[in-house]
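To start, the structure itself, in structure tokens.
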Amino acid sequence: MMQHPCLRYAARPRGILAAGLLLMTTLGCVGTSQVNQRTQALETLLTDRHDQFYACAPTALAHAEVAIARARNATGRGLPVAAEGALKQAEAAVREGWTGSGDSVCMPDTDGDGIPDRDDKCPTLPEDFDGFQDEDGCPDPDNDGDGVLDVDDLCPNEAGPVANRGCPVKDSDGDGVMDPDDACPTIPGPRINRGCPIQDRDKDGVADDLDRCPDEAGSAENGGCPYTLISITDDRIQVKQKVFFQTAKAAIKKESFELLNEVAQAILDHPKFRIGIEGHTDSVGKPKVNRKLSQDRANAVRMYLIGQGVAPERLQAVGMGDDVPLDDNATEAGRAVNRRVEFHILEK
Amino acid sequence: MRKVVLGLGLAAFCCAGCGPIQASSAIKRADDALHESRARGWDKDCPYEITAADGYLAAARDLAGQADFEAAREFADKAAQLAASTREVAPRNAKARESRGHPAPKTPAGRGAPPAGTPGGRR
């Protein structure tokens with residue numbers, strides 16, 4: 001039987017030299033003992049895990065076994081340095097096999113989904129390979145997490161309510177009314193009309209919901225209603241009726257209220273308008289009296305319009321007397337024409 | 001007396017040459033076995049056996065170079081045994097690999113379930 005190298009060297013006591021040799025061999029024995037222990041540990045590990053190593057890291061297993069055999073041989077030949085070197089190679093090979101680098105596929109795969117347990121976040125639940133996070137090994141029954149299982153979800157990768165079968169609710173026309181609630185999903189329209197555009201029956205450009213006169217064409221400034229008693233020209237609000245006053249007084253007759261109401265509305269419809277109200281008389285009577293009367297009447301009209309909501313600073317009243325006749329004051333018809341109130345647009 | 005001396009000398013020569021010759025022969029056998037395994041393509045499904053055989057063969061050559069002929073022969077025999085085993089192991093491993101059913105790209109060639117009684121396997 002081969003004598004252990006440590007004992008072989010230790011069995012030569014001869015004085016100091018022998019003591020030195022004994023010391024060296026003792027240290028060598030300790031080193032050899034450690035190498036043996038490590039070798040034994042590696043062999044045990046490889047035996048216990050042989051199947052796994054064989055399947056997953058066959059080359060590492062082979063390298064480790066060869067290196068262990070060389071370590072055993074070197075130890076037997078009393079070459080501890082060589083044994084240590086071989087053992088380190090074996091340990092490195094085992095380490096490589098243990099980490100399984102490059103050999104992950106054949107690692108244990110409990111759920112059989114093809115993703116080894118080591119890389120499988122859900123080792124007991126097979127991956128569903130539905131194109132969504134298929135690398136983590138976990139099944140994704142509800143990819144978009146909307147509470148609708150993929151099998152029932154028409155849009156499995158887009159979150160959407162159950163009512164819409166898992167598809168996101170869209171607003172195709174961008175009108176703020178979601179498609180399911182939108183009677184006209186492709187045409188913008190306000191919510192009050194269920195997402196459909198509000199019609200303009202009178203085609204005046206003012207939508208019916210904003211048109212005070214939806215069946216009569218009118219300007220937007222007048223709320224979609226036509227001005228019936230007035231018209232607006234470049235430089236004035238043209239009245240189609242006369243403003244009537246009590247004879248020789250500045251009191252406006254009731255019959256002219258409707259006309260003045262419409263004038264007030266026109267001014268309100270045009271916020272930038274600044275109006276000059278001109279009062280005119282015929283030539284009957286003294287000019288000074290006529291001028292005062294015309295001024296009083298212009299003032300009366302101004303006050304009436306203010307009473308209808310027109311800001312005072314937007315109205316300027318001027319009494320022109322009989323200075324600007326339009327017709328012949330020699331006839332009654334002419335004088336009637338000359339008695340008038342005009343509304344001039346000073347600013348717009 | 002001369003015959004005795006001659007006989008002893010011849011015996012000594014034979015004994016001295018025995019180790020190297022046996023080791024060399026074993027190395028040759030292992031080398032041939034490895035070549036045959038590779039030539040027949042068995043090595044593809046036997047990564048463990050081929051790698052181990054290569055390793056033992058290299059060790060055998062190394063030990064032979066250090067005049068440790070006995071160990072060299074043992075290592076060479078081991079290498080030859082592993083290389084020869086690929087004849088039976090390769091078909092089993094190939095079959096096991098195909099039956100795994102993993103996606104092809106993720107299944108590297110040459111991997112399979114460990115066959116029972118693999119030479120050089122459990123020690």
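The chains referred to below are lettered A, B, ... by the order of the sequence lines, with proteins before strands, and numbering in each begins at 1.
If you measure heavy-atom distances from B/Leu63 to chain A, the contacts under 4.5 Å come from the side chain alone. Contacts between B/Asp68 and chain A at a heavy-atom distance below 4.5 Å involve the side chain alone, from C-beta outward. At a 4.5 Å heavy-atom cutoff, B/Glu74 makes no contact with chain A through either its backbone or its side chain.
Scanning both residues, A/Thr124 and A/Pro126, for their nearest heavy atoms gives O-CD, 3.9 Å.
The stretch residues 65-99 of chain B participates, sequence neighbours left out, in no disulfide (SG to SG under 2.5 Å) pair at all.
Judged as a salt bridge (charged side-chain N to carboxylate O under 4.0 Å, His left out), and not counting sequence neighbours, A/Asp175 has no contacts.
The pair A/Arg38-A/Glu84 meets the salt-bridge criterion, with a side-chain N (NZ, NE, NH1 or NH2) lying under 4.0 Å from an Asp/Glu carboxylate O.
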